[in-house]
2 protein chains.
Amino acid sequence: MRILVVEDDPDLSRQLSEALKDSGYAVDVADNGEDGHFMGDTEPYDAVVLDLGLPIIDGISVLQKWRADGKTFPVLILTARDQWSEKVSGFDAGADDYLTKPFHHEELLARIRAILRRAAGHTTDSIDIGALHVDNRAARCFVDGMPIKLTSHEFRLLSYMAMHRGRVISRTELVEHIYDQDFDRDSNTIEVFVGRLRRKIGTDRIETVRGLGYRLIDPDNVPNKK
Amino acid sequence: MRILVVEDDPDLSRQLSEALKDSGYAVDVADNGEDGHFMGDTEPYDAVVLDLGLPIIDGISVLQKWRADGKTFPVLILTARDQWSEKVSGFDAGADDYLTKPFHHEELLARIRAILRRAAGHTTDSIDIGALHVDNRAARCFVDGMPIKLTSHEFRLLSYMAMHRGRVISRTELVEHIYDQDFDRDSNTIEVFVGRLRRKIGTDRIETVRGLGYRLIDPDNVPNKK
DNA sequence: GCAACCCCTGAACATAATCTGAATATTAGG
DNA sequence: CCTAATATTCAGATTATGTTCAGGGGTTGC
């Protein structure tokens with residue numbers, strides 16, 4: 001999952017992106033409205049954390065522009081305490097949730113997880129695919145109840161596939177959502193990660209669709225394959 | 001489905017054609033208005049992605065020429081941000097949709113699927129022909145609810161026939177829409193693929209019309225065959 | 001500050017799926 | 001029956017995917 005943070009206070013921005021990275025997200029940062037708007041327009045984020053008081057273009061305008069352009073990623077806005085009117089116009093502009101500063105990291109992370117899972121049409125933080133259990137909250141996964149140790153990138157890959165289970169996901173899409181901005185994929189990292197994941201969670205849980213990509217399935221619940 | 005991309009920026013052009021190929025389309029590329037116009041005039045594309053700012057002949061003129069010549073393929077135009085007047089004249093010239101740069105691959109792909117299916121007179125990404133279900137988004141097909149594994153070329157063939165179901169489709173037409181430019185068909189690949197498809201989805205779903213081509217039908221709902 | 005470790009990356013190499021073209025068999029139509 | 005059209009089969013050729021591994025950057029524990 002890849003997240004954009006638009007925040008001008010350098011301290012807060014660093015804290016936020018660190019906390020998010022620790023939770024296993026790929027994070028890009030913008031420190032003003034213009035850059036933030038451009039990045040949101042250009043890159044396929046899974047969620048955005050948007051401060052409202054920003055240099056150059058304010059947060060509400062950025063959000064409005066995105067929505068006018070048809071961008072649908074979920075947006076969590078940060079407001080100063082007591083700025084009730086801002087919250088209202090934030091929701092009007094298409095925000096999905098808000099958080100008043102100051103806040104605990106824990107709360108931010110919980111809300112991010114919530115908007116991510118809502119966007120993907122799930123109702124809880126964990127996803128079961130047959131005997132495979134993916135816990136996005138604890139960033140852990142289990143097969144038949146046994147905990148599986150995954151590295152951070154392995155978990156990102158699994159988590160993204162779990163959110164979109166059953167669908168074929170192209171290598172390009174995986175790269176875009178697992179890595180942050182400056183990454184030029186000209187190597188076979190995705191294949192390597194898929195290989196490692198398969199060894200850990202079971203080869204047949206990730207189906208490869210030649211020429212298109214990969215798909216996460218429940219191997220015990222395939223109607224019948226030819 | 002075969003798509004023409006007319007775009008002069010080499011980076012964007014490569015990205016586009018890669019993303020489209022990933023989605024299972026056959027793709028040709030032109031990097032200026034003149035070549036683009038010629039290719040669109042000569043080859044039977046199912047859709048065109050057309051940048052407006054092009055060397056030699058600009059995009060709007062290319063589109064106007066095509067429409068004046070009676071070309072009906074759907075055209076998705078790419079415009080720079082804020083060039084609202086361009087969008088308007090694009091629609092006037094006969095565009096089917098537009099996308100402002102920059103954009104996400106996923107959005108482009110969604111719009112391509114949308115104009116393709118509109119052009120074929122469908123309203124969703126999936127098509128049912130009796131017990132056969134073709135899902136163009138997931139690139140999958142089912143018979144009686146059972147998933148059928150198809151290779152990428154097999155799926156292209158099926159998808160094209162499903163889009164034009166009930167009509168007889170000649171071998172030449174199939175070759176032209178399933179392969180991109182540089183493919184010299186002097187062999188019997190189409191027969192081979194039809195054979196393989198038949199084995200997978202059921203022999204009687206593809207009818208042979210001697211001397212003309214093939215037709216995709218619902219074997220359980222044939223008005224009356226002689 | 002150092003050593004030990006873990007993980008990521010990119011490349012080289014190995015394997016497997018699928019495509020192609022041709023040869024051969026079968027069928028429909030006269 | 002004869003012929004042309006279509007089907008089937010199959011063996012390379014070709015590409016996509018898998019696997020392995022070494023080097024390096026970063027982190028942890030001492």
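Numbered from 1 within each chain, the chains take letters A, B, ... in sequence-line order. The basis for the numbers below is simple: all heavy atoms, side chains too, and nothing from hydrogens, waters or symmetry mates.
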Specify the separation, in whole Å, of atom [atom1] of [X] and atom [atom2] of [N].
| X | N | atom1 | atom2 | value |
| --- | --- | --- | --- | --- |
| A/L157 | D/dG18 | CG | P | 12 Å |
| A/L212 | C/dA17 | CG | C1' | 14 Å |
| B/E18 | D/dA16 | CD | P | 11 Å |
| B/I178 | C/dT20 | CD1 | P | 11 Å |
| B/Y179 | C/dT18 | OH | P | 14 Å |
| A/F193 | D/dC21 | CZ | C1' | 15 Å |
| B/I190 | D/dT6 | CD1 | P | 13 Å |
| B/E191 | D/dT8 | CD | C1' | 11 Å |

Answer yes if the side chains of [X] and [Y] hold a donor-acceptor pair under 3.5 Å, and no otherwise.
| X | Y | value |
| --- | --- | --- |
| B/Y214 | B/R171 | yes |
| A/T208 | A/R198 | no |
| A/Y179 | A/R2 | no |
| B/Y45 | B/D28 | yes |

Measure distances between side-chain N and O atoms of B/N188 and base N and O atoms of D/dT9, and say whether any donor-acceptor pair falls under 3.5 Å.
no
Rounded to the nearest 0.5 Å, what separation is found between the CD1 atom of A/I3 and the CG atom of A/L76?
9.5 Å
Any side-chain N or O of [X] below 4.0 angstrom from OP1/OP2 of [N]?
| X | N | result |
| --- | --- | --- |
| B/T208 | D/dA5 | no |
| B/R198 | D/dA7 | yes |
| B/T189 | C/dG21 | no |
| A/R196 | D/dT19 | no |
| B/R171 | D/dT6 | yes |
| B/Y214 | D/dA7 | yes |

Axis bend over the full length of the helix from C/dG1-D/dC30 to C/dG30-D/dC1, computed from five pairs that close each end, to 10 degrees
40°
N-O pairing of A/E207 and B/K149 below 4.0 Å:
no
Considering only heavy side-chain atoms of B/V192, the closest of C/dA22, C/dA16, C/dG10 is C/dA22
Is B/R167 atom CZ crowded by more than 12 heavy atoms from other residues, nucleotides or ligands, each under 6.0 Å away?
yes
So what does B/V194 touch, heavy atoms closer than 4.0 Å: a base, only the sugar-phosphate, or nothing?
nothing
